[in-house]
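The structure appears below as C-alpha coordinates.
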Amino acid sequence: MIIKNLPVEFEEAKEVLGAIQQAGFEAYFVGGSVRDTILGLKIHDVDIATSAYPSEVKKIFKKTVDTGIEHGTVTVLDHGRAYEITTFRTESTYQDFRRPDHVEFVRSLRDDLKRRDLTINALAMKPNGEIIDLFDGLDDLKRGRIRAVGVAEERFHEDALRMMRAVRFASQLDFIIEENTLNAIQHHAPLLAKVAVERIHVEWVKLLLGRNPQAGLTDFLATDLYLYCPLFDDKEAVFRKILQLKTLQIRNEESAWTLLCYLSSLSSSSVKKLLRAWKSSNGLIDNVIVATRLVPMIKQQRLDTWTYYKSGLLCLKIANDVATILGFGINQAILEKKYAALPIKNKHELKVNGGILIRSLKIKPGPQLGEILRKLEFKVVVGEIENQQEVLLAAAAEWVK
Ligand SMILES: Nc1ccn([C@@H]2O[C@H](COP(=O)(O)OP(=O)(O)OP(=O)(O)O)[C@@H](O)[C@H]2O)c(=O)n1
Ligand SMILES: [Mg+2]
(Lines give C-alpha, C1' and ligand atoms only; values in the text may rest on other atoms or scores of the structure.)
(Ligands and ions follow the chains in the order given, each with its own letter.)
Protein backbone atom coordinates (compact mmCIF):
# COMPACT_ATOMS: atom_id res chain seq x y z
CA MET A 1 0.00 0.00 0.00
CA ILE A 2 1.26 3.45 -0.90
CA ILE A 3 -0.37 6.54 0.52
CA LYS A 4 -0.58 9.33 -2.01
CA ASN A 5 -1.09 12.92 -0.96
CA LEU A 6 0.52 12.68 2.43
CA PRO A 7 -0.64 15.21 5.04
CA VAL A 8 1.55 18.28 5.13
CA GLU A 9 3.15 17.24 8.44
CA PHE A 10 4.81 14.32 6.65
CA GLU A 11 5.82 16.40 3.66
CA GLU A 12 7.59 18.81 5.97
CA ALA A 13 9.38 16.00 7.78
CA LYS A 14 10.55 14.23 4.62
CA GLU A 15 13.75 16.24 4.51
CA VAL A 16 14.68 15.00 7.98
CA LEU A 17 14.18 11.37 6.95
CA GLY A 18 16.10 12.05 3.75
CA ALA A 19 19.08 13.36 5.70
CA ILE A 20 19.16 10.22 7.85
CA GLN A 21 19.00 8.02 4.77
CA GLN A 22 21.74 10.05 3.10
CA ALA A 23 23.95 9.22 6.05
CA GLY A 24 23.39 5.54 5.33
CA PHE A 25 20.66 4.65 7.84
CA GLU A 26 17.01 3.66 7.63
CA ALA A 27 14.28 6.07 8.72
CA TYR A 28 10.50 5.63 8.82
CA PHE A 29 7.38 7.31 10.06
CA VAL A 30 5.84 5.16 12.80
CA GLY A 31 3.10 5.10 15.40
CA GLY A 32 -0.17 6.97 15.66
CA SER A 33 0.37 9.36 12.76
CA VAL A 34 0.66 6.47 10.28
CA ARG A 35 -2.43 4.76 11.77
CA ASP A 36 -4.49 7.94 11.71
CA THR A 37 -3.45 8.87 8.17
CA ILE A 38 -4.62 5.51 6.84
CA LEU A 39 -7.89 6.02 8.69
CA GLY A 40 -8.24 9.46 7.15
CA LEU A 41 -8.05 11.17 10.54
CA LYS A 42 -6.25 14.37 11.44
CA ILE A 43 -2.77 13.80 12.82
CA HIS A 44 -1.10 15.76 15.59
CA ASP A 45 2.56 14.77 15.61
CA VAL A 46 4.78 12.59 13.49
CA ASP A 47 7.11 10.10 15.13
CA ILE A 48 10.22 8.98 13.34
CA ALA A 49 12.10 5.73 13.95
CA THR A 50 15.59 5.04 12.69
CA SER A 51 18.34 2.45 12.61
CA ALA A 52 20.82 5.18 13.55
CA TYR A 53 21.90 5.28 17.17
CA PRO A 54 21.31 8.52 19.05
CA SER A 55 24.96 9.54 18.77
CA GLU A 56 24.73 8.96 15.03
CA VAL A 57 21.53 11.00 14.73
CA LYS A 58 23.21 13.87 16.56
CA LYS A 59 26.05 13.88 14.05
CA ILE A 60 23.64 14.24 11.13
CA PHE A 61 21.82 17.37 12.32
CA LYS A 62 23.06 20.76 13.41
CA LYS A 63 20.47 21.37 16.11
CA THR A 64 19.41 18.51 18.38
CA VAL A 65 18.16 18.20 21.94
CA ASP A 66 18.59 15.12 24.13
CA THR A 67 14.95 14.88 25.12
CA GLY A 68 14.92 11.18 25.99
CA ILE A 69 18.31 9.98 25.02
CA GLU A 70 18.33 7.08 27.50
CA HIS A 71 15.32 5.70 25.64
CA GLY A 72 16.86 6.49 22.28
CA THR A 73 14.97 9.69 21.52
CA VAL A 74 16.68 12.76 20.14
CA THR A 75 14.71 15.83 19.11
CA VAL A 76 15.85 17.41 15.88
CA LEU A 77 15.08 21.06 15.25
CA ASP A 78 14.53 21.79 11.59
CA HIS A 79 13.03 24.91 10.00
CA GLY A 80 11.44 25.93 13.29
CA ARG A 81 9.88 22.49 13.81
CA ALA A 82 10.78 19.77 16.27
CA TYR A 83 10.92 16.09 15.36
CA GLU A 84 11.32 13.23 17.80
CA ILE A 85 13.61 10.65 16.32
CA THR A 86 13.84 7.37 18.16
CA THR A 87 16.34 4.62 17.53
CA PHE A 88 14.89 1.17 16.80
CA ARG A 89 14.75 -0.53 20.18
CA THR A 90 13.53 -3.52 22.08
CA GLU A 91 12.43 -3.10 25.64
CA SER A 92 13.19 -6.18 27.65
CA THR A 93 11.13 -7.03 30.76
CA TYR A 94 9.63 -4.14 32.65
CA GLN A 95 10.26 -5.37 36.19
CA ASP A 96 8.17 -2.70 37.84
CA PHE A 97 5.57 -2.64 35.04
CA ARG A 98 6.15 1.06 34.72
CA ARG A 99 9.30 1.64 32.83
CA PRO A 100 11.58 -0.62 30.83
CA ASP A 101 14.55 -1.96 32.81
CA HIS A 102 16.75 -1.09 29.97
CA VAL A 103 16.33 -0.30 26.34
CA GLU A 104 18.35 -2.15 23.81
CA PHE A 105 19.03 -0.39 20.55
CA VAL A 106 18.70 -2.58 17.49
CA ARG A 107 19.29 -2.11 13.80
CA SER A 108 16.23 -3.87 12.44
CA LEU A 109 12.85 -2.32 11.87
CA ARG A 110 11.13 -5.66 12.50
CA ASP A 111 12.64 -5.92 15.98
CA ASP A 112 11.40 -2.44 16.77
CA LEU A 113 7.88 -2.97 15.46
CA LYS A 114 7.38 -6.29 17.19
CA ARG A 115 7.74 -4.70 20.62
CA ARG A 116 4.96 -2.22 19.95
CA ASP A 117 1.57 -2.58 21.60
CA LEU A 118 -1.08 -3.09 18.92
CA THR A 119 -0.90 -4.13 15.28
CA ILE A 120 -2.59 -0.88 14.20
CA ASN A 121 0.25 0.96 15.94
CA ALA A 122 3.00 -1.22 14.50
CA LEU A 123 2.87 0.09 10.94
CA ALA A 124 5.78 1.97 9.44
CA MET A 125 5.77 4.30 6.46
CA LYS A 126 8.59 5.17 4.10
CA PRO A 127 9.02 8.82 3.11
CA ASN A 128 7.35 8.02 -0.23
CA GLY A 129 4.19 6.87 1.53
CA GLU A 130 4.79 3.13 1.21
CA ILE A 131 3.39 1.23 4.19
CA ILE A 132 5.37 -1.55 5.82
CA ASP A 133 2.96 -3.92 7.49
CA LEU A 134 4.70 -6.81 9.21
CA PHE A 135 1.90 -7.78 11.63
CA ASP A 136 -1.27 -7.45 9.53
CA GLY A 137 -2.08 -4.09 11.01
CA LEU A 138 -3.64 -2.94 7.75
CA ASP A 139 -6.14 -5.77 7.83
CA ASP A 140 -6.99 -4.94 11.44
CA LEU A 141 -7.43 -1.29 10.52
CA LYS A 142 -9.76 -2.28 7.73
CA ARG A 143 -11.80 -4.58 9.93
CA GLY A 144 -11.83 -2.21 12.88
CA ARG A 145 -9.99 -4.58 15.15
CA ILE A 146 -7.70 -3.99 18.13
CA ARG A 147 -5.13 -6.75 18.41
CA ALA A 148 -1.87 -6.98 20.31
CA VAL A 149 1.33 -7.57 18.37
CA GLY A 150 2.48 -11.17 18.83
CA VAL A 151 1.68 -12.71 22.22
CA ALA A 152 -0.73 -10.32 23.94
CA GLU A 153 0.29 -11.41 27.46
CA GLU A 154 3.87 -10.41 26.77
CA ARG A 155 2.90 -7.00 25.42
CA PHE A 156 0.81 -6.20 28.51
CA HIS A 157 3.45 -7.55 30.80
CA GLU A 158 5.99 -5.21 29.23
CA ASP A 159 3.76 -2.22 29.88
CA ALA A 160 0.46 -2.61 31.70
CA LEU A 161 -0.75 0.78 30.44
CA ARG A 162 -1.22 -0.86 27.05
CA MET A 163 -4.38 -2.51 28.40
CA MET A 164 -5.88 0.93 28.98
CA ARG A 165 -4.65 1.98 25.55
CA ALA A 166 -6.50 -0.96 24.01
CA VAL A 167 -9.84 0.02 25.58
CA ARG A 168 -9.15 3.66 24.79
CA PHE A 169 -8.66 2.87 21.10
CA ALA A 170 -11.83 0.74 21.14
CA SER A 171 -13.68 3.92 22.07
CA GLN A 172 -11.64 6.45 20.12
CA LEU A 173 -11.73 4.54 16.83
CA ASP A 174 -14.95 2.62 17.51
CA PHE A 175 -13.06 -0.65 17.01
CA ILE A 176 -13.59 -4.08 18.53
CA ILE A 177 -10.96 -5.74 20.69
CA GLU A 178 -10.07 -9.16 19.32
CA GLU A 179 -10.88 -12.03 21.67
CA ASN A 180 -7.38 -13.18 22.52
CA THR A 181 -6.30 -9.65 23.29
CA LEU A 182 -9.41 -9.06 25.41
CA ASN A 183 -8.79 -12.25 27.39
CA ALA A 184 -5.19 -11.24 27.97
CA ILE A 185 -6.36 -7.88 29.32
CA GLN A 186 -8.76 -9.57 31.71
CA HIS A 187 -6.01 -11.89 32.83
CA HIS A 188 -3.50 -9.11 33.44
CA ALA A 189 -5.86 -6.37 34.66
CA PRO A 190 -4.39 -6.33 38.22
CA LEU A 191 -1.07 -5.14 36.76
CA LEU A 192 -2.73 -1.81 36.01
CA ALA A 193 -2.53 -0.96 39.71
CA LYS A 194 1.23 -0.60 39.26
CA VAL A 195 0.98 2.03 36.56
CA ALA A 196 1.34 5.72 37.41
CA VAL A 197 -2.09 7.34 37.81
CA GLU A 198 -1.16 10.21 35.50
CA ARG A 199 -0.68 7.78 32.60
CA ILE A 200 -3.95 5.96 33.30
CA HIS A 201 -5.69 9.33 33.53
CA VAL A 202 -4.68 10.30 29.98
CA GLU A 203 -6.10 7.08 28.54
CA TRP A 204 -9.27 7.22 30.65
CA VAL A 205 -10.10 10.69 29.41
CA LYS A 206 -9.41 9.74 25.79
CA LEU A 207 -11.72 6.75 26.30
CA LEU A 208 -14.57 8.93 27.57
CA LEU A 209 -14.15 11.51 24.83
CA GLY A 210 -13.92 8.93 22.05
CA ARG A 211 -16.27 8.20 19.21
CA ASN A 212 -17.90 5.28 20.98
CA PRO A 213 -17.21 5.62 24.71
CA GLN A 214 -19.77 2.97 25.51
CA ALA A 215 -17.76 0.40 23.55
CA GLY A 216 -14.60 1.27 25.47
CA LEU A 217 -16.48 1.35 28.75
CA THR A 218 -17.99 -2.07 28.10
CA ASP A 219 -14.50 -3.54 27.71
CA PHE A 220 -13.20 -1.54 30.67
CA LEU A 221 -15.89 -3.20 32.79
CA ALA A 222 -15.78 -6.67 31.28
CA THR A 223 -12.01 -6.97 31.75
CA ASP A 224 -12.15 -5.66 35.35
CA LEU A 225 -9.65 -2.92 34.49
CA TYR A 226 -11.85 -0.48 36.41
CA LEU A 227 -11.11 -2.30 39.65
CA TYR A 228 -7.50 -1.21 39.42
CA CYS A 229 -8.19 2.47 38.81
CA PRO A 230 -8.26 4.98 41.70
CA LEU A 231 -11.55 4.85 43.67
CA PHE A 232 -13.44 3.09 40.87
CA ASP A 233 -14.05 -0.20 42.68
CA ASP A 234 -17.56 0.86 43.77
CA LYS A 235 -18.49 2.42 40.43
CA GLU A 236 -19.76 -0.59 38.50
CA ALA A 237 -23.43 0.40 38.86
CA VAL A 238 -22.68 3.94 37.67
CA PHE A 239 -20.81 2.68 34.62
CA ARG A 240 -23.77 0.44 33.85
CA LYS A 241 -26.07 3.48 34.01
CA ILE A 242 -23.81 5.23 31.52
CA LEU A 243 -23.96 2.20 29.26
CA GLN A 244 -27.74 2.43 29.23
CA LEU A 245 -27.78 5.98 27.90
CA LYS A 246 -29.01 6.03 24.32
CA THR A 247 -26.20 8.11 22.88
CA LEU A 248 -23.11 9.39 24.51
CA GLN A 249 -20.95 12.13 23.07
CA ILE A 250 -18.90 13.87 25.72
CA ARG A 251 -17.40 17.22 24.82
CA ASN A 252 -14.60 17.66 27.31
CA GLU A 253 -12.93 16.22 30.38
CA GLU A 254 -14.93 18.39 32.79
CA SER A 255 -18.21 17.09 31.40
CA ALA A 256 -16.95 13.51 31.60
CA TRP A 257 -16.14 13.78 35.30
CA THR A 258 -19.29 15.75 36.03
CA LEU A 259 -21.41 13.03 34.46
CA LEU A 260 -19.68 10.40 36.55
CA CYS A 261 -19.87 12.41 39.77
CA TYR A 262 -23.52 13.35 39.28
CA LEU A 263 -24.58 9.79 38.55
CA SER A 264 -22.59 8.67 41.61
CA SER A 265 -24.42 11.29 43.74
CA LEU A 266 -21.10 12.50 45.09
CA SER A 267 -20.92 15.34 47.59
CA SER A 268 -18.46 18.14 46.85
CA SER A 269 -15.91 16.64 49.21
CA SER A 270 -16.22 13.24 47.55
CA VAL A 271 -15.79 14.81 44.12
CA LYS A 272 -12.62 16.40 45.41
CA LYS A 273 -11.36 13.13 46.87
CA LEU A 274 -12.01 11.22 43.66
CA LEU A 275 -10.39 13.79 41.39
CA ARG A 276 -7.43 14.23 43.72
CA ALA A 277 -6.88 10.48 43.57
CA TRP A 278 -6.82 10.84 39.79
CA LYS A 279 -4.25 13.65 40.15
CA SER A 280 -6.46 16.22 38.47
CA SER A 281 -5.60 19.91 38.52
CA ASN A 282 -7.23 22.19 41.08
CA GLY A 283 -8.90 24.18 38.31
CA LEU A 284 -10.58 21.08 36.95
CA ILE A 285 -11.63 19.94 40.42
CA ASP A 286 -13.25 23.31 41.18
CA ASN A 287 -15.19 23.32 37.92
CA VAL A 288 -16.42 19.77 38.35
CA ILE A 289 -17.57 20.50 41.90
CA VAL A 290 -19.62 23.48 40.73
CA ALA A 291 -20.98 21.71 37.66
CA THR A 292 -21.96 18.60 39.62
CA ARG A 293 -24.06 20.76 41.94
CA LEU A 294 -25.68 22.51 38.98
CA VAL A 295 -26.93 19.38 37.21
CA PRO A 296 -29.79 18.65 39.65
CA MET A 297 -30.76 22.34 39.59
CA ILE A 298 -31.11 22.18 35.83
CA LYS A 299 -33.12 19.00 36.19
CA GLN A 300 -35.51 20.58 38.69
CA GLN A 301 -35.54 23.87 36.77
CA ARG A 302 -34.24 25.67 39.84
CA LEU A 303 -31.56 27.72 38.11
CA ASP A 304 -31.97 31.27 39.40
CA THR A 305 -30.13 34.40 38.44
CA TRP A 306 -27.84 34.32 41.45
CA THR A 307 -26.81 30.74 40.61
CA TYR A 308 -26.07 31.79 37.04
CA TYR A 309 -23.86 34.52 38.36
CA LYS A 310 -22.05 32.46 40.99
CA SER A 311 -21.45 29.49 38.69
CA GLY A 312 -19.97 31.23 35.67
CA LEU A 313 -20.65 30.38 32.05
CA LEU A 314 -18.04 27.61 31.80
CA CYS A 315 -19.53 25.54 34.62
CA LEU A 316 -23.06 26.22 33.40
CA LYS A 317 -22.12 24.84 30.00
CA ILE A 318 -20.43 21.79 31.50
CA ALA A 319 -23.47 21.05 33.65
CA ASN A 320 -25.82 21.63 30.74
CA ASP A 321 -23.77 19.30 28.53
CA VAL A 322 -24.28 16.61 31.15
CA ALA A 323 -27.95 17.46 31.55
CA THR A 324 -28.32 17.19 27.77
CA ILE A 325 -26.66 13.76 27.76
CA LEU A 326 -29.14 12.75 30.45
CA GLY A 327 -32.08 14.11 28.48
CA PHE A 328 -33.02 17.20 30.50
CA GLY A 329 -30.67 19.88 29.19
CA ILE A 330 -31.81 23.35 28.27
CA ASN A 331 -31.13 25.05 24.96
CA GLN A 332 -27.54 26.27 25.03
CA ALA A 333 -28.35 29.50 23.19
CA ILE A 334 -30.93 30.34 25.86
CA LEU A 335 -28.45 29.55 28.59
CA GLU A 336 -25.84 31.81 27.01
CA LYS A 337 -28.37 34.57 26.50
CA LYS A 338 -29.48 34.47 30.12
CA TYR A 339 -25.88 34.59 31.25
CA ALA A 340 -25.09 37.48 28.92
CA ALA A 341 -28.06 39.36 30.37
CA LEU A 342 -26.61 39.38 33.88
CA PRO A 343 -26.11 43.02 35.02
CA ILE A 344 -22.58 42.16 36.15
CA LYS A 345 -20.40 39.07 35.65
CA ASN A 346 -18.22 39.46 38.72
CA LYS A 347 -17.97 41.70 41.76
CA HIS A 348 -15.24 43.86 40.26
CA GLU A 349 -17.84 45.23 37.87
CA LEU A 350 -19.78 46.66 40.80
CA LYS A 351 -19.61 50.45 40.63
CA VAL A 352 -18.48 50.69 44.24
CA ASN A 353 -15.78 48.91 46.19
CA GLY A 354 -14.53 48.84 49.77
CA GLY A 355 -12.46 51.99 49.38
CA ILE A 356 -15.30 54.03 47.93
CA LEU A 357 -17.69 52.91 50.67
CA ILE A 358 -15.20 53.72 53.45
CA ARG A 359 -14.65 57.21 52.08
CA SER A 360 -18.24 58.05 51.29
CA LEU A 361 -19.99 56.48 54.28
CA LYS A 362 -17.23 57.03 56.81
CA ILE A 363 -17.30 53.44 57.95
CA LYS A 364 -14.36 51.31 58.97
CA PRO A 365 -13.06 48.22 57.21
CA GLY A 366 -14.49 45.10 58.83
CA PRO A 367 -17.35 42.61 58.75
CA GLN A 368 -20.00 45.31 58.25
CA LEU A 369 -18.28 46.54 55.11
CA GLY A 370 -18.07 43.03 53.72
CA GLU A 371 -21.75 42.50 54.49
CA ILE A 372 -22.74 45.69 52.67
CA LEU A 373 -20.70 44.79 49.62
CA ARG A 374 -22.22 41.31 49.49
CA LYS A 375 -25.73 42.72 49.77
CA LEU A 376 -25.08 45.26 47.01
CA GLU A 377 -23.62 42.58 44.79
CA PHE A 378 -26.67 40.37 45.31
CA LYS A 379 -29.19 43.14 44.71
CA VAL A 380 -27.43 44.26 41.53
CA VAL A 381 -27.18 40.73 40.17
CA VAL A 382 -30.84 39.90 40.77
CA GLY A 383 -31.85 43.28 39.35
CA GLU A 384 -33.24 44.85 42.53
CA ILE A 385 -31.03 47.89 42.20
CA GLU A 386 -29.13 49.46 39.37
CA ASN A 387 -25.36 49.25 39.11
CA GLN A 388 -24.80 53.00 39.40
CA GLN A 389 -22.53 54.50 41.99
CA GLU A 390 -25.07 57.03 43.41
CA VAL A 391 -27.74 54.35 43.62
CA LEU A 392 -25.41 51.91 45.37
CA LEU A 393 -24.14 54.53 47.81
CA ALA A 394 -27.67 55.62 48.65
CA ALA A 395 -28.72 52.04 49.35
CA ALA A 396 -25.65 51.43 51.48
CA ALA A 397 -26.21 54.66 53.39
CA GLU A 398 -29.68 53.41 54.37
CA TRP A 399 -28.18 50.22 55.79
CA VAL A 400 -25.56 51.91 57.96
CA LYS A 401 -27.99 54.35 59.52
N1 LIG B 1 2.61 1.86 25.94
C2 LIG B 1 2.94 2.05 24.68
C3 LIG B 1 2.88 3.34 24.14
C4 LIG B 1 3.25 3.53 22.81
N5 LIG B 1 3.66 2.46 22.06
C6 LIG B 1 4.09 2.67 20.65
O7 LIG B 1 4.53 4.00 20.46
C8 LIG B 1 3.73 4.67 19.48
C9 LIG B 1 3.54 6.13 19.83
O10 LIG B 1 2.95 6.25 21.12
P11 LIG B 1 1.91 7.38 21.54
O12 LIG B 1 2.21 8.66 20.83
O13 LIG B 1 1.85 7.38 23.00
O14 LIG B 1 0.51 6.80 21.05
P15 LIG B 1 -0.15 6.82 19.63
O16 LIG B 1 -0.41 5.40 19.21
O17 LIG B 1 0.66 7.64 18.70
O18 LIG B 1 -1.57 7.45 19.89
P19 LIG B 1 -1.96 9.01 19.98
O20 LIG B 1 -2.65 9.28 18.71
O21 LIG B 1 -2.85 9.11 21.14
O22 LIG B 1 -0.68 9.79 20.14
C23 LIG B 1 2.45 3.85 19.43
O24 LIG B 1 1.76 3.99 18.22
C25 LIG B 1 2.98 2.45 19.64
O26 LIG B 1 3.57 1.95 18.46
C27 LIG B 1 3.69 1.19 22.61
O28 LIG B 1 4.04 0.25 21.92
N29 LIG B 1 3.35 1.01 23.91
MG1 LIG C 1 1.36 9.69 19.10
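Nothing fancy with the numbering, it's 1 onward along the sequence. Just so we're clear, the structure is a prediction, and the values are computed from it rather than from any experiment.
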CG/Leu208 to CD/Gln249 distance, rounded to the nearest 0.5 angstrom?
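With rounding to 0.5 Å, CG (Leu208) is 11.5 Å from CD (Gln249).
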
Would you compute the distance between atom CG of Leu303 and atom CD of Gln301 and round it to the nearest 0.5 angstrom?
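Going from the CG atom of Leu303 to the CD atom of Gln301 covers 9.5 Å.
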
Compute whether any side-chain donor of one residue and acceptor of the other, for [X] and [Y], lie under 3.5 angstrom apart.
X: Arg293; Y: Ser268; result: yes
X: Thr73; Y: Thr67; result: no
X: Thr324; Y: Asp321; result: no
X: Thr258; Y: Ser255; result: no
X: Asp111; Y: Thr90; result: no
X: Arg116; Y: Asn121; result: no

Within 45 degrees of the ring normal and closer than 6.0 Å to the centroid, is that where the cationic atom of Lys345 sits relative to Tyr339?
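Here Lys345 passes the 6.0 Å and 45° test against Tyr339.
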
Cation-pi geometry met for Arg107 and Phe25 (6.0 Å, 45°)
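No; the conditions do not both hold, so Arg107 does not lie above the ring face of Phe25.
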
Salt bridge check, [Y] against [X]: does any charged N sit closer than 4.0 Å to a carboxylate O?
X: Glu56; Y: Lys59; value: no
X: Asp140; Y: Arg147; value: yes
X: Glu371; Y: Arg374; value: yes
X: Arg115; Y: Glu158; value: no

With a 6.0 Å cut-off (strictly less than), is the heavy-atom count around [atom1] of [X], excluding the residue itself, greater than 12?
X: Glu179; atom1: CD; answer: no
X: Gln22; atom1: CD; answer: no
X: Lys241; atom1: NZ; answer: yes

Looking only at atom types and distance, does a side-chain atom of [X] sit under 3.5 Å from a main-chain N or O of [Y], one as donor and one as acceptor?
X: Thr37; Y: Ser33; answer: yes
X: Gln389; Y: Lys351; answer: yes
X: Arg155; Y: Val149; answer: yes

I need the minimum non-hydrogen distance between [X] and [Y], along with the two atoms involved.
X: Leu41; Y: Leu173; value: CD1-CD2, 3.9 Å
X: Phe156; Y: Ala148; value: CZ-CB, 4.5 Å
X: Leu123; Y: Leu138; value: CD2-N, 4.0 Å

With the side chain counted from C-beta on, respond yes when [X] and [Y] share a heavy-atom pair under 4.5 Å apart, and no when they do not.
X: Val295; Y: Lys299; value: no
X: Pro343; Y: Asn387; value: no
X: Val74; Y: Phe61; value: no
X: Leu266; Y: Thr292; value: no
X: Phe175; Y: Leu141; value: yes

So, using side chain to side chain donor-acceptor pair (under 3.5 Å) as the criterion, who are the partners of Glu70 when residues are at least two apart?
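By the side chain to side chain donor-acceptor pair (under 3.5 Å) rule, Glu70 matches no residue at all.
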
Centroid-centroid under 6.0 Å between Phe239 and Trp204 rings:
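That pair passes the under 6.0 Å test.
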
For the residue pair Phe10 and Phe29, is the inter-centroid distance of their aromatic rings smaller than 6.0 Å?
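Yes, the ring centres sit under 6.0 Å apart.
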
